[in-house]
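Just so you know, these numbers come straight off a predicted model, no measurement behind them.
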Amino acid sequence: MLFKKIASLAILNLAISVPTKQKCKHHNHHHSINDADTKDYVFAEDGGYQHSQHGNSLPVTCTGAPNSGNGNNGSNNGSNNNGSNNGSNNGSNNGSNNGSNNGSNNGSNNNQGGGSDNNEHTKFKNVIFMVSDGFGPASETFARNYHNYVNGYPKTQELPLDTILIGSSRTNSDDSYVTDSASGATAFSCGFKTYNAAIAVKSDLSPCGTVLESAKLNGYLTGLVATSRITHATPAAWSAHVSERDDENRIAQHQIGNYTLGRVTDLMIGGGSRHFQHKSVKGSKRTDDRDLLAEAAAIGWDVGTDKASFDALTSDSKLPLMRLITQSHLSYMIDRDPTKEPTLKEMSDKALNILKSSTEKEDAKGFFLMIEGSRIDHAAHSNDARTHFEEILAYQETIELAKKFVDENPGTILISVSDHETGGLSVALQEGIEYPVYEWLPEALTKQKASTEVVSSVFEKKNKELSGDAKYAYFKEEIKSIFNINPTDEEIAFISAAPDAQTIDNFLGTAVSKRAKLGWSTHGHSAVDVNLYAYGAGTNALVGSNENVELGTFVETYLNLDLEAVTKILVENVASLEIQPLITKRSVSHHHHEEF
């Protein structure tokens, strides 16, 4: 048998406390999506934010009690309890103060989902910016349904993200309604729309300063955590400037500090050592003679490339540090060996503790940390529903961790958003012309033992080794054993004739999803708006529908940064960045199904 020993996967038992939600009206109007200042945020006297559009006050109007956290036990930090504040004494809001003076605010003002007290008076300001790559609204519904089904919970039981939903993000890039991760991440990091495949450069190939760069230059500590290669599109867009996302060797050089601004990243945890290793190392992707791990160590980086070095990290570990635990992406949760690879939650926990401790010791202003659940997207590319769920569940665990950190560390905010949706998932399926039955069947996913990506790589090899009846018998037995489905003769014939692992991967995902009555419209991305989640004082300013670029602008204002100043430095020294011209417009395709 291909998989004789599969570690049992524990289903997370999440007890969710559902906070009271505010009723808010979000005021939008048309704006230029290529302007980094599309939506400004004005710091209000109460420590929260209001919308301001180039001098025109456009407040979020809210009624009712904001969600409670570990706030001020019924007192209103933004009010004076005599009606003289901009709020009113009966819970209504006339504009700038989203709290009221009747004692109904158990948390801090403008605090969607609760969290810490008034951020204006805190010593440190921290931003935890989480990206659930490829995670659309239907994926949240799917994950909630499946999680409740396998645990026997009521259908109304919520996941952690459900408790902090505040709006949506519009995802189109500068050159397409359907974005890729590079352009999507650049919108967050720079506050600019750009072309698909661009890493922190604008459509004219000029570099744009990022939130992470500006944070470092303004006295904050910075970090990147990802389950992909750390040189992959999303983490790269905060820490490098290249015209093409596949230029990961150059991205690695920027990330260790070998570019115009020097070292701006203090902590990197994820995969992708192959773009830092000397070409003599088996599996390395470098073509030059450089050993970036050695170069990084020589300039002060604490470098590690395995689980043991990760486990050795403590809150007292010194910055800068990198832990590149795998050569390529970390394994899917469903395939992961916990003795060799940590989870997203474990990596994020280490990062948060180290950045918090270092902030206090170094008297920094706070920190900016980007955390990506990278492989949610990869599983959706494969239309592999069960693997998609396991990656979402790992992300939800990390959200719980981040929420707790916000509660315990005043001045911290959490934002969670996707760069785009992947797969065109629908939690329903009509297979023929007859009107469908209203159902989807979670049971069909419960016995899957491995990802379609891992299985397809093995099947590709078996296609070359076996033939005839032996091949037929092997595929029939293995598909039943791994996925708990009985493949048809037509399905076995298709796999037997498949030219490569990618074709088998795509086919297996669809085959299993059909049994569950789940529909996918694409193996690529879609143009659908994605959910926006936030937690912490001031984040109510994001309530409603936002352009993705507005999230970068919000963080810039919250941390009092100046991205334009960073852009000016980069542009003045653009030759040193060696940004390569685009020869032809590329077609962004799969970036996950490759050799490991």
Side-chain angles (χ1 to χ4, degrees), residues 2-12 132-135 181 224-235 248 268-277 282-285 304-311 322-350 371-398 422 445 448-461 482-483 501-502 504-505 508-509 512 590-596:
L2 175 59
F3 297 93
K4 294 182 178 179
K5 185 176 180 181
I6 303 293
S8 61
L9 295 169
I11 302 298
L12 179 65
S132 46
D133 200 312
F135 176 76
S181 293
L224 300 169
V225 173
T227 52
S228 66
R229 297 189 294 273
I230 208 70
T231 51
H232 217 232
T234 301
E248 293 186 61
M268 297 192 295
I269 304 177
S273 61
R274 71 188 197 181
H275 295 287
F276 297 79
Q277 294 167 326
K282 183 180 180 181
S284 171
K285 292 295 182 178
T305 56
D306 57 19
K307 177 70 157 43
S309 67
F310 169 81
D311 290 339
M322 70 171 76
R323 291 295 182 269
L324 306 179
I325 299 155
T326 55
Q327 282 197 308
S328 188
H329 308 310
L330 273 71
S331 302
Y332 284 127
M333 286 298 296
I334 197 170
D335 304 319
R336 189 167 303 184
D337 181 346
T339 68
K340 295 180 179 179
E341 300 177 38
T343 65
L344 182 64
K345 180 181 178 180
E346 290 168 342
M347 294 189 294
S348 301
D349 191 30
K350 294 267 193 185
I371 300 171
E372 185 191 27
S374 320
R375 307 219 66 196
I376 297 171
D377 168 72
H378 300 173
H381 275 294
S382 298
N383 294 176
D384 184 351
R386 173 60 188 276
T387 301
H388 188 53
F389 167 76
E390 296 297 341
E391 296 303 305
I392 294 169
L393 190 63
Y395 189 84
Q396 300 276 358
E397 291 184 73
T398 310
T422 300
L445 306 178
Q448 184 172 331
K449 298 175 181 178
S451 70
T452 60
E453 178 183 89
V454 165
V455 174
S456 63
S457 295
V458 176
F459 280 12
E460 180 184 36
K461 295 176 183 176
I482 299 164
F483 300 104
Q502 184 72 71
I504 299 171
D505 181 17
L508 287 172
V512 177
H590 280 267
H591 287 267
H592 70 286
H593 202 293
E594 55 194 337
E595 73 279 7
F596 282 84

(Q) Tell me every residue that passes side chain to side chain contact (heavy atoms under 4.5 Å, CB included) with A226, counting only those two or more places apart in sequence or in another chain. (A) S228, I230, P235, E372, S374
Q) Step by step, would you call R386 with F483 a side-chain contact (heavy atoms from CB on, under 4.5 Å)? A) CA-CA 10 Å; R386 173 60 188 276; F483 300 104; over 6 Å; no
Q: Could you check S309 against T305 for side-chain contact (heavy atoms from CB on, under 4.5 Å), going step by step and ending with a plain yes or no?
A: CA-CA 7 Å; S309 67; T305 56; 5.8 Å; no
**Q.** Evaluation steps, side-chain contact (heavy atoms from CB on, under 4.5 Å), between I325 and M347
**A.** CA-CA 11 Å; I325 299 155; M347 294 189 294; 4.3 Å; yes
Q) Using 4.0 Å as the upper bound for N to carboxylate O, is an ion pair formed by E453 and R375? A) yes
(Q) Side chains of K350 and F310, heavy atoms from C-beta outward: is any pair under 4.5 Å? (A) yes
Q. Nearest 0.5 Å, what's the OG1-CG distance between T452 and D505?
A. 4.0 Å
Q) Of the non-hydrogen atoms in Q277 and S284, which two are nearest, and what is the gap between them? A) O-OG, 2.8 Å
(Q) Looking only at side-chain N and O atoms, does D384 offer a donor or acceptor that is under 3.5 Å from a partner on S451? (A) no
Q: Starting at CZ of F135, measure out to CD of E391 and round the result to the nearest 0.5 Å.
A: 12.5 Å
Q: Begin with the C-alpha distance, continue with both residues' side-chain angles, and end with the deciding distance and a verdict on side-chain contact (heavy atoms from CB on, under 4.5 Å) for T343 and M333.
A: CA-CA 8 Å; T343 65; M333 286 298 296; 3.8 Å; yes
Q.
Could you work out, with salt bridge (charged side-chain N to carboxylate O under 4.0 Å, His left out) as the rule, every residue matching E346, not counting sequence neighbours?
A. none
Q: Please examine the side chains of L445 and F389, heavy atoms only from C-beta on, and report whether any two atoms are closer than 4.5 Å.
A: no
Q: Report the C-alpha separation of S181 and D377 in whole Å, then their side-chain angles, then the decisive distance to 0.1 Å, and conclude whether the side chain to side chain donor-acceptor pair (under 3.5 Å) test is met.
A: CA-CA 10 Å; S181 293; D377 168 72; 4.9 Å; no
Q | Point-to-point distance, once rounded to the nearest 0.5 Å, from NE2 of H388 to CD1 of I376 | A | 7.0 Å
Q. How long is the gap from CD1 on I371 to OG1 on T398, to the nearest 0.5 Å?
A. 7.0 Å
Q. Do the ring planes of H232 and H329 sit parallel (below 30°), tilted (30 to 60°) or perpendicular (above 60°)?
A. perpendicular
(Q) Does either side chain, that of E248 or that of T231, offer a donor lying less than 3.5 Å from an acceptor on the other one? (A) yes
Q.
If I take atom CD from residue E341 and atom OG1 from residue T326, how far apart are they, to the nearest 0.5 angstrom?
A. 5.5 Å
Q.
Could you measure the distance from the CD atom of Q396 to the OG atom of S132? Nearest 0.5 Å is fine.
A. 9.0 Å
